[in-house]
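Input: a single structure, listed below in structure tokens.
Atoms considered below: every heavy atom in the structure, side chains included; atoms not considered: hydrogens, waters and symmetry mates. Residue numbers start at 1 and run along the sequence shown.
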Amino acid sequence: MEIVILVSLLSLYCDFTDAECLVISPARLVVKYGDPASSNCSSDTPVQMGWEATQGGTVVTDKEVKFLRWRVDSVTDWNIKPICYTEGGQCQKQLNITVYKLPDSVSISYRKYPDPMVEKHHYQLQCLVQNIAPIERLRVTFYKVNTTGEQTELDTQQKSKDNIKTPENGIYTLDFTPSRDDDRAQLWCSAMLDLGPEGPQPPPVMESDSLNINVLYKPQITMSPGCFSMSITEGDTLSLNCSANGNPAPSYDWLLPQAAPNATEERSVVTITNMAKSHSGEYTCIARNPLGNSTCTVNVEVTVDYLPIIAGLAAAAVVILLVVSCFIYSSYYKHTRIGHYQLKDMLPRRHKNKQVVHHNRMDQSFM
């Protein structure tokens, strides 16, 4: 028990004295391959110190000093580990240094080129990052942007820490299942070297060129308002538009309830003029391409507009009523005027005793 306590105290003492005897500033360096680098080693009390390194190493100083600088004009050793130490090796500190290199290129491709790419089929994308170090600090992200400009992050990957310092090629893969919405979209990948707060800010990023994708998919009818039922008045014109989305562009066929001599079909549109009652029924559109087909049925009912007929009958009834009324009135008027007036009433009346009349006139003349 006493031995364990003694060893622990000795360890704490050594750590304390080791921590106090030398201080390296900065304690961590992130240096691009080929760039210069430097760091200071200092002590609270003057000591003889030196730097041990594959590049920029110095022997122990002849005099006791409080600090000693390590400097390299061009770091070319991937595994460089500068160590500051005192005379006799009683105290030493290692500089934590990371040497990095940006990738020569970043590219995206298919692991096996699709011929062609079809919706709901599975494919594998590959992002190749060439000649980068350290690869364990690399993060690769796959992106997609659709035709409307909306960008989506598909996946982010990072290699497990393998402590490889020298440049490596990184291959990152992504399983991709396209949909019809991905047609004419763009895919790319980016490589970001995240070296922590001591590294360049923001972390350097390199992007691949865009991969333009062409997705084949079977037709999907987009008739508005869709497969429905409708009524149309007899004598009117029927026009149905059966547009569909598909790649390759679909062809169209129509199944009509009755072959009408006044029916015309032009691609996705069917038109029938002067609709008759016999044209009622189901109008089915079929859009097809090599990947499949899609159908849409419209139930059309041709109705007769009775309002004009009723209005015509009403007008005819009014006319007949007027004619009858005029005839009745005319007949009544003639009967009233002719039936009560005799021809004798129209002649002047004569007195039976003409002499009395003459005497009266003569009498009047002598008066």
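Inspection of the S243 and T222 side chains reveals an N or O donor paired with an N or O acceptor under 3.5 Å. In this structure, a donor-acceptor pair under 3.5 Å is present between the side chains of T156 and T141. For T86 and Q92, the side-chain atoms include no donor-acceptor pair closer than 3.5 Å. Side-chain atoms of N146 and T148 include a donor-acceptor pair closer than 3.5 Å. Between the side chains of N214 and N247, a donor-acceptor pair is found at a separation under 3.5 Å. Side-chain N/O atoms of Q157 and D155 include a donor and acceptor closer than 3.5 Å. Side-chain contact annotation: N245 with Q220, donor-acceptor N/O pair under 3.5 Å absent. Of the N and O atoms on the side chains of D77 and T54, at least one donor lies less than 3.5 Å from an acceptor on the other residue.
By the criterion of side-chain heavy atoms lying less than 4.5 angstrom apart, applied directly or through intervening Ile, Leu, Val, Met, Phe, Trp or Tyr residues, L128 is not grouped with I164; the two fall into different hydrophobic clusters.
T98 places none of its side-chain heavy atoms less than 4.5 Å from the side chain of L29.
Of the possible polar contacts, one joining the T58 side chain to the W51 backbone as a donor-acceptor pair under 3.5 Å is found. Between the side chain of K66 and the backbone N or O of T45 there is no donor-acceptor pair closer than 3.5 Å. The backbone N or O of Q55 lies less than 3.5 Å from a partner atom in the side chain of W70, making a donor-acceptor pair.
Sorted by first and then second residue, the ring pair (Phe, Tyr, Trp, His ring centres under 6.0 Å) pairs involving residues 138-163 (not counting sequence neighbours) are Y143-W188.
With values rounded to the nearest 0.5 angstrom, R111 atom CZ is found 5.0 Å from Q126 atom CD.
Between Y33 and W78, the distance from one ring center to the other falls under 6.0 angstrom.
Across K144 and L154, no two heavy atoms sit closer than the pair CB-CD1, 4.0 Å. What you find for I80 and I97 is that their closest heavy atoms are O-CG2, 3.3 Å.
On the SG-SG cut-off of under 2.5 Å, C242 and C296 do not qualify.
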Is there a side-chain hydrogen bond (donor to acceptor under 3.5 Å, both in side chains) between S105 and Q130? Walk through the geometry before answering.
CA-CA 6 Å; S105 65; Q130 291 186 317; 2.7 Å; yes
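Between R139 and D194 a salt bridge is recorded (basic side-chain N to carboxylate O distance below 4.0 Å). Using a cutoff of 4.0 Å between basic side-chain nitrogens and carboxylate oxygens, D182 and R180 are not scored as salt-bridged. Ion pair E234/K277 not flagged as a salt bridge, since none of the NZ, NE, NH1 or NH2 atoms sits closer than 4.0 Å to an Asp/Glu carboxylate oxygen.
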